[in-house]
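Letters A, B, ... mirror the listed sequences (proteins, then strands); counts begin at 1. Keep in mind that the numbers below use all heavy atoms, side chains included, and drop hydrogens, waters and symmetry copies.
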Amino acid sequence: MDLDFLQSLERERVLEVLQRDKQLRLMEEDRIRRMKCELQELRRRGAKSCARQYGERTCARCQRPLGKFWNSGDVCRGCSHRICSKCRVGVGAADWKCTVCHAYRDVKIRSGEWFLEEKFKKFPVTENKYETVGETLLKTYNVLSHISVVPPTPPPHLDQQFLSRSGSLKNSIPFTKSVEDLMVSFTSHMRKISTSQSDVQGGLLYVDGGRKGSCVTFSSQKSLSDTDINKSSRLFKVPSLPNLFKRSKDSDHEGSSTGAEEETSFSSEYSGGKRGSNSSICTDGGRFESIGVAGELELALAYSGDASCLEITVGACRNLSHGDARRRRCHPYVKFYVLPEKSGKMKTTVKKNTTDPVYNEVLKYQIERHLLFGKRLHASVWHSGTLRRKVFLGEILIPLDGWRCEDKASQCFNWYPLCPKAEGPDGGAAEQD
Amino acid sequence: MTDGDYDYLIKLLALGDSGVGKTTFLYRYTDNKFNPKFITTVGIDFREKRVVYTASNTNGTTTGKTFKVHLQLWDTAGQERFRSLTTAFFRDAMGFLLMFDLTSQQSFLNVRNWMSQLQANAYCENPDIVLVGNKADLADQREVQEKQAKELADKYGIPYFETSAATGAEVDKSVITLLDLVMKRMEQCVDKPPAEPANGNGATKLSEAQPNEKKCAC
Ligand SMILES: Nc1nc2c(ncn2[C@@H]2O[C@H](COP(=O)(O)OP(=O)(O)OP(=O)(O)O)[C@@H](O)[C@H]2O)c(=O)[nH]1
Ligand SMILES: [Mg+2]
Ligand SMILES: [Zn+2]
Ligand SMILES: [Zn+2]
């Protein structure tokens with residue numbers, strides 16, 4: 001699809017319309033982001049705390065204990081958790097869902113996610129599920145008309161790690177003057193969005209990069225560390241933290257209403273005998289390989305002062321490469337640890353047969369707040385293949401120092417573009433865990 | 001209109017032959033004005049409107065719940081030479097106003113072609129559509145009878161309205177009817193059990209596509 005058949009005046013007209021459409025889309029993205037934040041807040045409150053005994057019978061939402069006979073709760077159709085009678089929404093005794101499942105459904109409707117899913121069923125070949133025709137056209141033409149402009153040189157204080165990443169990213173994301181042009185019209189929008197500029201979605205990111213005169217990845221990562229680092233905070237040299245973290249077992253499965261389907265397809269796998277077990281992907285000693293990196297990872301970070309832990313909410317990934325390109329299959333999971341010690345390895349569950357997995361899992365990493373200084377969160381996405389073969393799908397690195405834990409906006413979900421493996425001293429060779 | 005204070009963004013799209021009155025119809029709907037001049041649309045355009053939607057139960061009674069809906073109304077060019085562009089935009093719309101001109105038999109005959117364009121390019125095989133016969137005010141020039149149009153609409157199982165962008169008759173009602181269909185569709189989409197053939201009411205033709213999805217798990 002292109003606009004080449006139009007006369008230049010006509011093309012201008014159409015591009016004007018598409019530009020207007022873009023404004024609307026930005027407003028919509030902003031709205032969806034706020035909505036997802038609220039949902040996440042609810043989800044976080046509902047997630048079972050890691051300290052709690054897993055076998056204990058409590059309501060998965062309000063954590064109140066459930067009796068054996070009296071007030072024993074019931075299983076939610078959406079997430080299969082046991083829910084007390086107070087944490088249910090819906091009509092009738094049979095037709096209810098838990099508060100989180102209900103909110104999730106609501107967001108799916110109000111964000112237009114339902115539409116994207118339907119559309120994807122009919123047009124599964126679409127490169128970017130989230131991109132509209134108008135958006136694609138607009139991008140094509142904005143890039144073409146300003147193709148000759150060279151991106152500005154990154155500032156010297158850029159650290160090597162970032163340089164290598166952004167260098168490779170530059171090739172994949174056209175960074176042009178047009179971006180700066182667009183910026184003018186977006187600035188007002190950006191202000192509205194939040195104090196955090198860690199917004200990695202769509203044009204906003206480019207805009208940010210354009211203004212600061214740095215490059216794309218850098219701006220997204222810098223923005224996190226950008227916020228005032230509390231220099232007065234005491235700096236501790238700690239030995240690596242021996243498994244202080246605990247995986248939040250109660251990974252909420254609101255998103256995976258496909259649970260049943262996953263299990264069936266799982267049985268055809270080599271590791272079929274271990275179905276349902278999170279630990280079935282034994283990475284130690286497993287082989288890994290690498291393919292083209294694509295797509296994004298959605299994360300939200302929050303620090304819980306009460307529990308002294310960093311809460312990493314893994315939302316979803318989108319447009320991942322097929323881990324098994326030949327058979328066009330992908331069973332992705334996300335792995336985390338904290339650098340430089342490489343402590344606290346955490347993993348999400350594996351999602352089957354999707355390049356747009358939805359996790360909605362909360363992982364917790366126990367650490368005193370002041371110890372976050374100098375730390376970075378490393379997240380990598382892997383395809384879990386047969387015979388313990390792992391395929392690297394991309395990674396990101398988020399500085400944790402100076403990151404404002406109290407800042408509501410940074411607790412919201414952000415999409416981070418995945419980067420190829422860094423060759424740096426502490427980012428590279430990260431897979432032999 | 002630039003604040004994000006709404007509950008739903010619903011994208012509708014008007015299509016039909018050139019001159020049937022798509023642009024004029026949408027202008028009447030959003031601004032309640034009539035433009036007698038014919039300025040043919042270049043490629044695509046859109047208008048916006050905020051409406052308050054009152055949810056109703058399946059039996060038609062209102063639940064009293066109201067929502068703010070931001071409507072994005074895509075206006076497409078009817079001219080043949082823009083066809084590749086306009087049909088590409090079909091896939092991003094949630095509902096369709098398929099329009100013809102009551103004073104033009106030819107525009108009515110072309111409804112059939114527009115229907116197949118929709119089937120091929122819309123987000124699903126059977127999207128929500130409302131058939132609109134426009135220019136009802138020009139009674140003396142009428143070439144398409146109500147019965148004829150109604151029969152065609154019934155055949156497709158879609159609602160039919162006779163509107164006038166000149167007087168405003170039935171304009172709001174046809175758009176709201178479409179909005180209503182889309183709102184109901186959203187609920188159905190999220191509530192139907194995943195990976196199971198869509199049950200009952202024949203609302204979806206997706207059941208045939210299901211076995212494929214299973215197969216690719218090899
Ligand atoms: N009397 C009368 N005239 C109408 C009505 N609706 C549209 N018209 C006139 O019909 C002509 C064509 O209307 P447009 O809205 O521009 O047609 P269109 O479908 O947008 O055409 P394209 O943009 O070329 O696809 C204009 O002169 C309108 O004033 C109506 O309900 N009654
Ligand atoms: Mg027009
Ligand atoms: Zn409860
Ligand atoms: Zn639930």
Side-chain angles (χ1 to χ4, degrees), chain A residues 1-3 5-7 9-11 13-14 16-18 20-21 23-32 34 104-106 108-123 126 132-137 188-189 192 257-261 264-266 268 327-329 352-353, chain B residues 1-11 41-48 57 67 70 72 74-75 77 81-94 120-125 127 182-183 185-191 193-196 204 206 209-210 212-214 216-218:
Chain A
M1 180 72 248
D2 59 47
L3 302 177
F5 71 101
L6 296 176
Q7 291 155 21
L9 264 177
E10 294 177 334
R11 191 158 56 223
R13 280 275 285 282
V14 169
E16 256 171 53
V17 171
L18 297 183
R20 240 180 345 114
D21 175 46
Q23 299 295 335
L24 177 57
R25 213 165 43 231
L26 289 176
M27 177 168 79
E28 175 70 355
E29 277 168 12
D30 183 22
R31 185 183 72 97
I32 291 173
R34 272 185 280 129
Y104 194 82
R105 169 191 180 276
D106 197 47
K108 204 164 166 179
I109 295 180
R110 288 197 293 141
S111 64
E113 186 71 27
W114 70 273
F115 180 74
L116 297 175
E117 281 176 9
E118 291 298 306
K119 187 167 74 170
F120 195 69
K121 278 184 204 159
K122 187 172 168 189
F123 302 107
T126 320
T132 61
V133 171
E135 197 174 350
T136 314
L137 279 173
S188 58
H189 206 85
K192 217 172 58 190
S257 38
T258 48
E261 161 190 71
T264 40
S265 58
F266 208 36
S268 61
R327 284 187 287 177
R328 291 190 66 74
R329 282 170 57 177
K352 290 284 167 178
N353 292 313
Chain B
M1 283 260 261
T2 45
D3 68 296
D5 180 27
Y6 52 84
D7 301 305
Y8 301 92
L9 172 67
I10 302 293
K11 305 175 187 186
T41 302
V42 173
I44 40 137
D45 197 0
F46 71 87
R47 307 189 73 85
E48 295 165 75
N57 287 323
F67 302 102
H70 190 95
Q72 185 182 27
W74 285 97
D75 181 14
R81 75 184 193 91
F82 298 113
R83 197 59 46 89
S84 65
L85 178 67
T86 53
T87 51
F89 278 80
F90 288 4
R91 83 162 56 170
D92 293 315
M94 301 166 178
N121 296 291
Y123 77 94
C124 73
E125 300 285 332
V182 173
M183 299 291 281
R185 163 91 56 150
M186 303 194 298
E187 306 257 330
Q188 281 166 15
C189 278
V190 294
D191 286 338
E196 267 171 44
T204 38
L206 285 163
Q210 296 298 334
N212 274 337
E213 283 180 8
K214 291 234 172 71
C216 60
C218 37

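From B:D7, atom CG reaches atom CZ of A:R31 across 7.0 Å, with rounding to the nearest 0.5 Å. For the atom pair CG of A:L137 and CZ of B:F89, the computed distance is 5.5 Å after rounding to the nearest 0.5 Å.
A cation-pi arrangement is present between A:R20 and B:F46, with the terminal nitrogen or guanidinium carbon under 6.0 Å from the aromatic centre and inside a 45° cone about the axis.
With respect to the salt-bridge test (charged N to carboxylate O, under 4.0 angstrom), the residues B:D45 and A:R13 do not qualify. Using a cutoff of 4.0 Å between basic side-chain nitrogens and carboxylate oxygens, A:R105 and B:E187 are scored as salt-bridged.
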Practice problem: Test side-chain contact (heavy atoms from CB on, under 4.5 Å) on A:E117 and B:C189 and set out the steps. | Solution: CA-CA 9 Å; A:E117 281 176 9; B:C189 278; over 6 Å; no
Quiz item: Does the side-chain contact (heavy atoms from CB on, under 4.5 Å) test come out yes or no for A:D106 and B:V190, once each step is laid out?
Solution: CA-CA 9 Å; A:D106 197 47; B:V190 294; over 6 Å; no
Quiz item: Under the side-chain contact (heavy atoms from CB on, under 4.5 Å) criterion, do B:F90 and A:V133 qualify, and how do the steps go?
Solution: CA-CA 9 Å; B:F90 288 4; A:V133 171; over 6 Å; no
Exercise. Under the side-chain contact (heavy atoms from CB on, under 4.5 Å) rule, what do B:L9 and A:F115 come out as? Steps first, then yes or no, please.
Key: CA-CA 11 Å; B:L9 172 67; A:F115 180 74; over 6 Å; no
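With sequence neighbours left out, the side chain to side chain donor-acceptor pair (under 3.5 Å) criterion links A:T136 to A:E131. Not counting sequence neighbours, the partners of B:Y6 by the side chain to side chain donor-acceptor pair (under 3.5 Å) test are A:E28.
With a 4.5 Å cut-off on side-chain heavy atoms, A:R110 and B:F67 do not count as touching. By the 4.5 Å heavy-atom criterion applied to side chains, A:T132 and B:K11 are counted as neighbours. Side-chain contact between A:I109 and B:M183 is absent, with no heavy atoms from C-beta onward closer than 4.5 Å.
In this structure, chain A has no heavy atom under 4.5 Å from any part of B:D75.
Ring geometry for B:Y123 versus A:W114: interplanar angle over 60°, hence perpendicular rather than tilted (30 to 60°).
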